[in-house]
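Atoms within each ligand, like the ligands themselves, are counted from 1 in listed order.
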Amino acid sequence: MQKTASPKTYRVKSFGCQMNVYDGERMAEMLAEKGITEAPEGEDADLVVLNTCHIREKAAEKVYSDIGRLTKGKTQKKAPMIAVAGCVAQAEGEEIMARAPAVSMVVGPQAYHRLPGMIDDAVAGKRSTDTDMPADAKFAALPKRRKSAPSAFLTIQEGCDKFCTYCVVPYTRGAEISRPYSALVDEAKKLVEAGAKEITLLGQNVSAWTGEDDRGRKLGMAGLIRELAKDPDLKRIRYTTSHPADMDDELIDTHGEVGKLMPYLHLPVQSGNDRVLKAMNRSHTAESYLHLLERFRAARPDLALSGDFIVGFPGETDAEFEDTLKVVDQVRYAQAYSFKYSPRPGTPAATMENQIEPQVMDERLQRLQAALRRDQQAFNEASIGKTCEVLVERRGKLDGQWLGKSPWLQSVHFTGDADIGDLIEVKLIQAGQNSLAGEIVA
Ligand code: 5AD
Ligand code: SF4
């Protein structure tokens, strides 16, 4: 590779989950510390970071087509220096280097603190790959926060030891690690000082977080939430994503006792059929999942529930799929994510027999999504007439209009006297499937 000029501007494109959004923001901060500034919207960037996701579908192909578009002048006039980051980089880094000469560096999700050095290498004409796994180093190397949106992410845990048979995460993000308590308390404080009113604790298995407080006492995520809630300037706490196996009594109690912990729980079930759940290596049954939700609802009766579903797992019969619809009917989710099963190379399910035909998956997904849409609409309609606080996140399209989130994570729009970061008392007056209209309570 030839020597090249140091990049002056960057663009980070993040795909996939919120953990990637968090990582993308941190990479952007590192680049800013290095004196590289974000390219204005619509203008060429000297350096483009593709922060990729590997969870479903043709992830790698998408990366190659993005690279092609960048080098062939389709995305921007001049071809940039290209870095491939994220989970595709982790899973297929060497292949990317071999197949795509336009890529200057490949950096896995646990190694992005090395990005600044890799850019220096690229400027000197050297391509580099780093897909080392331990995540602690990257957190230790985090730059300082300058400003924060009203709603901020904080990664507290990474990786997964659950090994659901369809899932690539244990291979791309590695084993579970918990970031130290003191580092998290410190980062949360900085986020709040930088303007955050709400913090969402992130992790692939967020409620598996463990740590020790200053006096050496062992803590779970509930303990961390209780500590963070003591900051008077932090108004809201959320967390995502949890596995049913890691939800303990203390966390359930915390939902009832800590008002700042928002009444919302994202708890993936994946399937409503016990044979499928076993084949997925999920450690819960449909009944144990439903029972768990009942306990959460008993602690916090207005809890909004969200979930993840996979249709068409290898061998799933029509009757087994119907069991998933039954769980949906019982839970009445406020919102949910649903996917067609996608074989991930290297996972046990990818080589299972009886892979399901695409048309069957399509049909099941449509039926499931119709049920989920029905429940989401019903949940939103049931909110009409309620008064709640809305955290204002940005301006709306109309003059004087604001967009924000209700405690139940619904998008709410209203007009009137407000500003970004305000918590405004709003009465919900109209419901659509994806958002609600409100009016400020005088
Ligand atoms: N195919 C389809 N969906 C998947 N998910 C994870 N792996 C796969 C896969 N191979 C879904 C699960 C998970 C969410 C983040 O993505 O529902 O909870
Ligand atoms: Fe993947 Fe299962 Fe771990 Fe979630 S719990 S990240 S679905 S292996």
Side-chain angles (χ1 to χ4, degrees), residues 14-23 52-62 86-88 90-92 109 153 155 157-174 176 200 202-208 239-247 265-273 276-277 279-284 286 289 292-293 305-316 320-321 324-325 327-328 331 333 335-352 354-358 360-362 364-366 368-369 371-372:
S14 287
F15 303 90
C17 67
Q18 287 134 325
M19 313 266 305
N20 253 18
V21 174
Y22 177 90
D23 287 351
T52 60
C53 169
H54 201 39
I55 196 99
R56 279 177 297 276
E57 297 304 320
K58 308 176 174 76
E61 284 95 292
K62 192 169 164 4
C87 291
V88 180
Q90 187 68 39
E92 303 189 19
F153 290 141
T155 296
Q157 178 281 340
E158 255 200 77
C160 181
D161 297 339
K162 299 278 190 292
F163 289 93
C164 300
T165 53
Y166 50 81
C167 186
V168 79
V169 165
Y171 310 95
T172 55
R173 291 266 170 176
E176 279 177 17
T200 301
L202 294 182
Q204 261 96 25
N205 252 313
V206 72
S207 32
Y239 62 90
T240 197
T241 292
S242 305
H243 188 291
D246 297 313
M247 312 304 270
L265 175 65
H266 178 68
L267 195 63
V269 65
Q270 314 296 3
S271 163
N273 176 268
V276 175
L277 287 169
M280 287 177 162
N281 194 30
R282 301 285 296 179
S283 53
H284 58 89
Y289 174 84
L292 184 60
L293 292 188
L305 291 165
S306 162
D308 287 349
F309 298 86
I310 297 176
V311 302
F313 183 80
E316 184 188 66
E320 288 169 344
F321 168 67
T324 299
L325 293 177
V327 166
V328 171
V331 175
Y333 290 92
Q335 69 115 43
Y337 304 91
S338 49
F339 313 101
K340 287 185 269 189
Y341 168 72
S342 160
R344 302 286 76 209
T347 59
T351 49
M352 284 180 186
N354 296 325
Q355 299 281 327
I356 304 297
E357 292 295 318
V360 176
M361 281 208 239
D362 283 337
R364 287 182 190 165
L365 188 67
Q366 275 176 29
L368 175 60
Q369 291 187 337
L372 293 169

query = Can you list the atoms of ligand 1 that are under 4.0 Å from a heavy atom of Arg344?
reply = 10 (N)

ask   = Taking the six-membered ring where the residue is Trp, are the ring centres of Tyr333 and Phe309 under 6.0 Å apart?
value = yes

message = Only heavy atoms of Tyr341, strictly under 4.0 Å: list the atoms of ligand 1 that pass.
response = 1 (N), 2 (C)

query = What atoms in ligand 1 come closer than 4.0 Å to a heavy atom of Lys340?
reply = 1 (N), 2 (C)

task = State, with a plain yes or no, whether a side-chain heavy atom of Ser271 is found less than 4.5 Å away from one of Met280.
result = yes

ask   = Who are the salt bridge (Lys or Arg N to Asp or Glu O under 4.0 Å) partners of Glu176, not counting sequence neighbours?
value = Lys162

Residue selection (non-hydrogen contact nearest atom 10 (N) of ligand 1) among Cys53, Gly16, Cys17, Ser342 = Ser342

request  = Quick one: look at Ile310 and ligand 1, take heavy-atom pairs under 4.0 Å, and tell me if it's side chain, backbone, both or neither.
outcome  = side chain

request  = Flag the pair Ser242 / Met247 as yes when at least one side-chain heavy-atom distance between them is below 4.5 Å, and no otherwise.
outcome  = yes

request  = Measure the shortest side-chain to side-chain distance between Pro268 and Thr241 over non-hydrogen atoms and say whether it is less than 4.5 angstrom.
outcome  = yes

message = Can you name the atoms of ligand 1, numbered from 1 with element, that are less than 4.0 Å from a heavy atom of Arg56?
response = 1 (N), 2 (C), 3 (N), 4 (C), 5 (N), 11 (C), 14 (C), 16 (O)

remark   = Any heavy atom of Phe339 under 4.0 Å from ligand 1? The part involved is side chain

request  = Using a strict cut-off of 4.0 Å, indicate which atoms of ligand 1 neighbour a heavy atom of Gln270.
outcome  = 12 (C), 13 (C), 17 (O), 18 (O)

ask   = Between Phe313 and Tyr341, how do the two ring planes meet: parallel, tilted or perpendicular, split at 30° and 60°?
value = perpendicular

